[in-house]
There are 2 protein chains.
Amino acid sequence: MAIKERKEREKQDMRNLIIESATQLFLKHGYDKTSIRNIAEDIEYSPATIYLYFKDKDEIFYVIHENAFDLLVKLFREHDTISNPYERLGAIGRTYINFAFENPDYYDLMFIMRAPLSQIKHEERWNAGECAFGYVLDTLTQCLDQNLIRPADKYITAVSVWSFVHGLVSLYIRERMCILEMPDDVVRDIVNASFENFLQSLKT
Amino acid sequence: MAIKERKEREKQDMRNLIIESATQLFLKHGYDKTSIRNIAEDIEYSPATIYLYFKDKDEIFYVIHENAFDLLVKLFREHDTISNPYERLGAIGRTYINFAFENPDYYDLMFIMRAPLSQIKHEERWNAGECAFGYVLDTLTQCLDQNLIRPADKYITAVSVWSFVHGLVSLYIRERMCILEMPDDVVRDIVNASFENFLQSLKT
DNA sequence: TACATTTGCTAAACACTGTTTAGTATATTC
DNA sequence: GAATATACTAAACAGTGTTTAGCAAATGTA
C-alpha cells in the first residue's frame with residue numbers, strides 16, 4: 001500500500017510549503033504582517049487549510065525557530081577545528097553577535113519573542129536552545145579544565161557569557177542602543193569592542 | 001476666563017483616568033489583553049473617546065513606560081548617599097535586577113517591547129532611558145576617575161554593564177533561562193551570583 | 001433670553017487578526 | 001458501481017486598532 005506513503009509525503013510537502021512561505025514572509029515583512037491569511041494567499045490555499053497541517057500560528061513559528069537554530073549551530077560547528085577552547089569561545093561569541101546583526105528577525109524569534117514558547121512548554125524541553133547552549137557550556141568547561149579562564153562555577157560562567165552577548169545584541173535589535181546617540185556602525189563597533197573587552201576579562 | 005483652565009484640568013483628569021486604567025489592566029492581564037475596548041469598558045466610556053485623548057495605543061503605553069522609568073530612577077536615587085562610586089554601582093545593579101524581578105511587565109515595556117518605540121522615535125530622543133543610563137554613566141565615570149575599576153572606555157564599560165544585567169534579566173523574563181532546567185529560585189540565585197561575579201571582575 | 005457655535009462623546013463601520021464549523025467535491029476502498 | 005474516507009474551503013465567530021459621521025449639551029455672542 002504505497003498510497004499511504006505517498007499521502008504522508010504529500011503531507012510533509014504541504015508542511016514544508018507552508019513553512020517556506022511563512023519564513024519568506026516573516027523575513028521580508030516581520031512577524032506581525034505574517035498572518036495566516038497572508039500565508040494562505042501566498043501558497044494559494046484557503047486559511048483553514050493551514051490548520052489541517054499546523055495546530056496554530058505558534059506551531060508554525062516554532063518550526064521556523066528550530067530551523068534558525070539549525071543555522072546558528074551549523075555556524076558554531078565551523079569552529080570545531082579550533083583546538084584552543086578559549087580561542088574557540090571567542091570565535092563562537094563573534095559568530096553569535098554576527099548572526100544577530102545579519103539575521104535580526106531570526107534572533108528575535110529565537111531569543112526574544114514569546115511566539116514559540118507555548119510549543120517549547122508543550123515539549124517540556126527547549127531542545128534547540130539546549131543544543132546551542134550545550135555547545136558553549138562544553139567549550140567553557142574545557143576552558144576551565146585547562147585553566148584558560150578565571151576559575152568560577154561552570155553554570156555561572158556560561159550564564160554570564162550568554163547574558164552578556166544576549167544583552168548586547170538584544171538591546172541593539174530592540175532599538176535601545178539609541179541612548180548612545182551614535183550612528184549605527186559606531187554602535188556595532190562598540191558592541192564588538194565590548195565583547196572583546198569582556199573576553200579579555202575572562203582570562204586567567 | 002477660568003472655563004478654559006477648568007477644561008484643561010478636565011482633559012488632564014481624563015488622560016490620567018485612561019492611564020490609570022490601562023496601567024492596572026496591563027499589570028493584571030498583560031499587554032495583549034489590555035485592548036482599547038477593555039480600557040474603555042473599565043472607565044465606562046466608548047472606545048472612540050480614548051482617541052480624543054491619545055493618538056493611538058502606543059502613546060498610552062509610552063506614558064506608562066515613562067511612569068515606570070520614574071519609579072526605577074527614584075529607586076536609583078536612593079543610592080545617592082553611597083559615596084563610594086564602586087559600592088554605588090553595585091547597589092544600582094542589584095536594584096536594577098530586583099526591579100526586573102518584581103516588575104517584569106514594566107521591565108518588558110521599558111527595555112524589550114517595541115510598543116513605546118514609535119513615540120520615542122517621534123520625540124527623537126529616549127528621555128526616560130537617557131536619564132537612567134546617564135545615572136549609571138556618571139557613577140561609572142567616577143569609578144574610572146578614582147581608579148576603582150579597570151581602565152577602559154567610558155561608553156564601552158557602560159554598555160557592558162548595562163548589557164550584562166539586561167541580558168540576565170531579559171533572558172529570565174522572556175523565559176529562556178529554562179535551558180538550565182532548575183527551579184525558579186535557583187535561577188534567580190544564579191542571576192544574582194553572576195552579577196556579583198561580574199562586579200568583582202570590573203575591579204582594578 | 002435667543003440663537004449660533006463649539007465641545008464631548010458615541011454608534012457604527014472599516015479593515016484587519018487567529019481560529020472553528022459545516023459542508024462539498026474528489027480520491028480511495030470495498 | 002456504491003460506500004467511505006480524505007482534502008479542501010466558504011463563511012462565521014470573536015476579537016483587534018482606528019476612523020467617521022452625527023448627536024446632544026455646554027459655551028459664546030447678540
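Every heavy atom of this structure was used, including side-chain atoms; hydrogens, water molecules and symmetry mates were not. In what follows, chains carry the letters A, B, and so on, assigned in the order in which the sequence lines appear, proteins first and then strands, with residues in each chain numbered from 1. Being a predicted model, the structure only gives us computed values, none of them experimental.
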- Let me know, please, whether B:Lys55 or A:Tyr45 comes out on the 5' side of the other along DNA chain D by nearest nucleotide.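 By nearest-heavy-atom nucleotide position, the 5'-most residue is A:Tyr45.
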- Taking for each residue the nucleotide of DNA chain D bearing the nearest heavy atom, is the 5' side occupied by A:Arg37 or by B:Thr34?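 By nearest-heavy-atom nucleotide position, the 5'-most residue is A:Arg37.
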Without decimals, in angstroms, what is the distance between [X] [atom1] and [N] [atom2]?
{"X": "A:Arg9", "N": "D:dA7", "atom1": "CZ", "atom2": "C1'", "answer": "17 Å"}
{"X": "B:Glu10", "N": "C:dT7", "atom1": "CD", "atom2": "P", "answer": "14 Å"}
{"X": "B:Leu52", "N": "C:dT6", "atom1": "CG", "atom2": "P", "answer": "17 Å"}
{"X": "A:Ile36", "N": "C:dC16", "atom1": "CD1", "atom2": "C1'", "answer": "14 Å"}
{"X": "A:Arg15", "N": "D:dA7", "atom1": "CZ", "atom2": "P", "answer": "14 Å"}
{"X": "A:Leu25", "N": "C:dT17", "atom1": "CG", "atom2": "P", "answer": "11 Å"}
{"X": "A:Met14", "N": "D:dT6", "atom1": "CE", "atom2": "C1'", "answer": "13 Å"}
{"X": "A:Arg114", "N": "C:dG18", "atom1": "CZ", "atom2": "P", "answer": "19 Å"}

For [N], does OP1 or OP2 lie under 4.0 Å from any side-chain N or O of [X]?
{"X": "A:Asn38", "N": "C:dC16", "value": "no"}
{"X": "B:Ser46", "N": "C:dC9", "value": "no"}
{"X": "B:Tyr51", "N": "C:dC9", "value": "no"}
{"X": "A:Thr49", "N": "D:dT9", "value": "yes"}

- Message: Base, sugar-phosphate or nothing for B:Asp56? Non-hydrogen atoms, less than 4.0 Å.
- Response: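 Counting heavy atoms under 4.0 Å across all strands, the contact made by B:Asp56 is with sugar-phosphate only.
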- NA contact type, A:Tyr53, heavy-atom cut-off 4.0 Å: base, sugar-phosphate, or nothing?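 Sugar-phosphate: the residue A:Tyr53, judged by heavy atoms under 4.0 Å, touches backbone atoms but no base.
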- Task: Would you check if there is a donor-acceptor pair between the side chains of B:Glu102 and B:Asn98 at a distance under 3.5 Å?
- Result: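 Indeed, the side chains of B:Asn98 and B:Glu102 share at least one donor-acceptor pair under 3.5 Å.
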- Message: Hydrogens and angles aside, do B:Tyr172 and B:Arg188 bring a side-chain donor and acceptor to less than 3.5 Å of each other?
- Response: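 Their side chains do contain a donor-acceptor pair, which is all the 3.5 Å distance test asks for.
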- Task: Please say which of A:Thr81, A:Leu75, A:Asp80 ends up in a side-chain contact (heavy atoms from CB on, under 4.5 Å) with A:Glu78.
- Result: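 By the side-chain contact (heavy atoms from CB on, under 4.5 Å) criterion, A:Glu78 pairs with just one of A:Thr81, A:Leu75, A:Asp80: A:Leu75.
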- Are B:Tyr107 and B:Tyr96 near enough that their ring centres are under 6.0 Å apart?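 Between B:Tyr96 and B:Tyr107, which both carry aromatic rings, the centre distance is below 6.0 Å.
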- Query: Under the 3.5 angstrom rule, does the side chain of B:Lys57 hit a backbone N or O of B:Thr34 as a donor-acceptor pair?
  - Reply: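 Answer holds: yes.
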- Query: Of B:Lys7 and A:Ser35, whose closest DNA chain C nucleotide lies nearer the 5' terminus?
  - Reply: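 Whichever sits nearer the 5' end wins; that is B:Lys7.
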